[in-house]
Amino acid sequence: MIGCGRVGIALATFLFKKEYVPAGFFSRSRTSAQAARAAAGCGTVFDTAADCARAGDIVFITTPDNIIASLCGDLVQQNALGPKTMVFHLSGAHSSGILTQAKQAGAVVGSIHPLQSFAPYEPGQASPFEGINISVEGDPDAVSQGKDIAAALGALAFAIPTESKTLYHASAVVASNYLVTLVRFALALLMETGLREDVAFEILSPLIQGTLFNIGSRGCTRALTGPVVRGDHETVFRHLADIDEKIPEFSSLYRLLGAHTLDIARAGNGLSEEAEKIMSQLFKQI
């Protein structure tokens, strides 16, 4: 284990206590490596990344994204990766392509990305991996091993093509980060009525959860409700008029979301040609 931050320590705790035997730990902070070793219950804390990599058959690089490639190169230059050593990184944004130097040296390379956020480890906590989804990509043997690792963690694995890793990560950003932005937009509108943010969220939360349930059970097209899919351009016009007047910083976002919502509504084949044309013009206005 090279890099013993939140993810590294979580792996040390919940993977190494399964059928995987920890060989070694290295981190820029020796204290972090010692914490990972303590969580695992055994293994050696090494003074260098190269010595750590030499100790195991599977090497996890769980460092910040911006140093994965250079660290991999350093390990290769120091002959720290033997033939058939399996090397994984855990970045969501990068594919196994950034481990090319290790592959050229004879290693098997892949990436494992848990779709989960990690809090600092606390002894006795529940596993953050249990029941989550983990993406795996890379060399065929790495994909197979990655699926076994996910199963040992109690997670669900799915394989993606290496060339699709960036779009996969963009999807996760939209589903998580941009959902926060969308909810903030909804809260800002409701707070204009005089409600506090916490109260506004309590009011909207059942609607948000219900919509997510409908998407899961019926799909996006059939889950869509509201004025756009009904062709109610008069309501959309009033929305835009009030937003433009009272919170114009959200005007362009409403129009952009409306235009893409109109695409979903078209797929449902329920819009009249006239309503579609009027709303399309409304959403194009700046």
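Remember, predicted model here, so these are calculated numbers, not experimental data.
Using modelled atom types, no side-chain atom of Lys103 and backbone atom of Val109 make a donor-acceptor pair closer than 3.5 Å. Although no hydrogens or angles enter the test, the distance criterion places no donor-acceptor pair under 3.5 Å between the side chain of Arg37 and the main chain of Val45. A distance-only check finds no donor-acceptor pair linking the side chain of Asp139 to the backbone of Ala142 [under 3.5 Å]. With hydrogens and angles ignored, the 3.5 Å screen pairs no side-chain donor or acceptor of Ser164 with any backbone N or O of Ile160. A donor-acceptor pair is defined here as one N or O able to donate and one able to accept, closer than 3.5 Å; no such pair exists between the side chain of Ser280 and the backbone of Glu276. Proximity of a side-chain donor or acceptor of Ser176 to a complementary backbone N or O of Ala172 within less than 3.5 Å is not detected. In this structure, Ser171 contributes its side chain and Leu167 its backbone to no donor-acceptor pair below 3.5 Å.
Between the CG atom of Leu153 and the CG atom of Asp148 there is a distance of 11.0 Å, given to the nearest 0.5 Å. Once rounded to the nearest 0.5 Å, the distance linking CD1 of Ile203 with OG1 of Thr193 reads 7.0 Å. With rounding to the nearest 0.5 Å, the separation of CZ in Phe26 from CG in Leu71 is 8.0 Å. Put simply, CZ on Arg28 and SG on Cys4 are 11.5 Å apart, with the number rounded to the nearest 0.5 Å. Here the NE2 atom belonging to His233 is positioned 12.5 Å from the CD atom belonging to Gln281, to the nearest 0.5 angstrom. Rounding to the nearest 0.5 Å gives a distance of 11.0 Å between CZ of Arg266 and CD of Glu273.
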Inset, instruction - With side chain to side chain contact (heavy atoms under 4.5 Å, CB included) as the test, would you mind laying out the steps for Phe60 and Phe25 before giving the verdict? - result: CA-CA 10 Å; Phe60 292 102; Phe25 304 91; over 6 Å; no

Inset, instruction - Mind running ring-ring contact (aromatic ring centres under 6.0 Å, His included) on Phe250 and Phe185 for me, showing each step along the way? - result: CA-CA 7 Å; Phe250 287 110; Phe185 178 22; 4.8 Å; yes

Inset, instruction - Could you walk me through whether Phe158 and Leu115 pass the side chain to side chain contact (heavy atoms under 4.5 Å, CB included) test, one step at a time? - result: CA-CA 11 Å; Phe158 63 100; Leu115 275 169; 4.3 Å; yes

Legend entry - Ile61 and Leu99: CA distance, side-chain angles, deciding distance, side chain to side chain contact (heavy atoms under 4.5 Å, CB included) verdict: CA-CA 10 Å; Ile61 299 177; Leu99 302 176; 4.2 Å; yes

Inset, instruction - For side chain to side chain contact (heavy atoms under 4.5 Å, CB included), just list the numbers for Tyr20 and Asp57, CA-CA rounded to whole Å, side-chain angles, deciding distance to a tenth of an Å, and then say yes or no. - result: CA-CA 11 Å; Tyr20 291 82; Asp57 299 316; over 6 Å; no

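Around atom CD of Glu274, no more than 12 heavy atoms belonging to other residues, nucleotides or ligands sit under 6.0 Å away. By the 6.0 Å contact criterion, CD on Glu234 is open, its count of non-hydrogen atoms from other residues, nucleotides or ligands being 12 or less. More than 12 heavy atoms of other residues, nucleotides or ligands lie within 6.0 Å of CD in Gln125, so this atom counts as buried by the packing criterion. The number of heavy-atom neighbours closer than 6.0 Å to CD of Glu249, taken from other residues, nucleotides and ligands shown, is above 12.
The two residues Ile68 and Ser91 come nearest to each other via the heavy atoms CD1-CB, 3.9 Å. Listed here is the closest heavy atom pair of Ala53 and Leu75: CB-CD2, 4.0 Å. A pairwise comparison of heavy atoms in Pro227 and Met279 identifies O-SD, 4.3 Å as the closest pair. The heavy-atom pair separating Ala23 from Ala55 by the smallest distance is CB-O, 3.4 Å. Annotation for Ala105 and Val76: closest pair CB-CG1, 4.0 Å, computed over non-hydrogen atoms. Scanning both residues, Cys220 and Ile264, for their nearest heavy atoms gives O-CG2, 4.2 Å.
Ion pairing between Asp244 and Arg255 holds under the 4.0 Å rule for side-chain N and carboxylate O. Ion pairing of Arg30 with Asp47 is present here, as a side-chain N (NZ or NE/NH1/NH2) and a carboxylate O approach within less than 4.0 Å.
Aromatic ring pairs are classed by plane angle as parallel below 30°, tilted from 30° to 60° and perpendicular above 60°; the pair His169 and His113 is perpendicular.
Contact check for Phe129 versus Gln116: no side-chain heavy atoms found under the 4.5 Å cut-off. Side-chain contact between Gln209 and Ser205 is present, with at least one heavy-atom pair separated by less than 4.5 Å. Between Leu240 and Leu282 there is a side-chain heavy-atom pair separated by less than 4.5 Å. Between Pro128 and Arg6, the closest side-chain pair of non-hydrogen atoms is not below 4.5 Å. Taking the side chain as every heavy atom from C-beta outward, Leu90 and Leu11 approach each other to under 4.5 Å. In this structure the side chain of Phe88 never reaches within 4.5 angstrom of the side chain of Ser111, judged on heavy atoms. Taking 4.5 Å as the limit, some side-chain heavy atom of His89 sits within range of a side-chain heavy atom of His94. Annotation: side chain of Leu179 is not in contact with side chain of Val174 (no heavy-atom distance under 4.5 Å).
Side-chain contact check for Asp51 and Thr48: at least one donor-acceptor pair (N or O, by modelled atom type) lies under 3.5 Å. Using modelled atom types, one finds a donor on one side chain and an acceptor on the other under 3.5 Å when comparing Glu137 with Ser96.
Residues Ile67 and Leu81 fall into different hydrophobic clusters, defined by Ile, Leu, Val, Met, Phe, Trp and Tyr side chains chained together at heavy-atom separations under 4.5 Å. When the side chains of ILVMFWY residues are joined at heavy-atom separations under 4.5 Å, either directly or via intervening members, Ile134 and Tyr168 end up in two distinct hydrophobic clusters. Hydrophobic clustering, with ILVMFWY side chains joined whenever heavy atoms are under 4.5 angstrom apart, groups Phe283 together with Leu271. When hydrophobic clusters are built by joining Ile, Leu, Val, Met, Phe, Trp and Tyr residues whose side-chain heavy atoms come closer than 4.5 Å, directly or via intermediates, Val143 is grouped together with Ile58. Linking ILVMFWY side-chain heavy atoms closer than 4.5 Å, directly or via other members, places Tyr254 and Ile278 in a single hydrophobic cluster.
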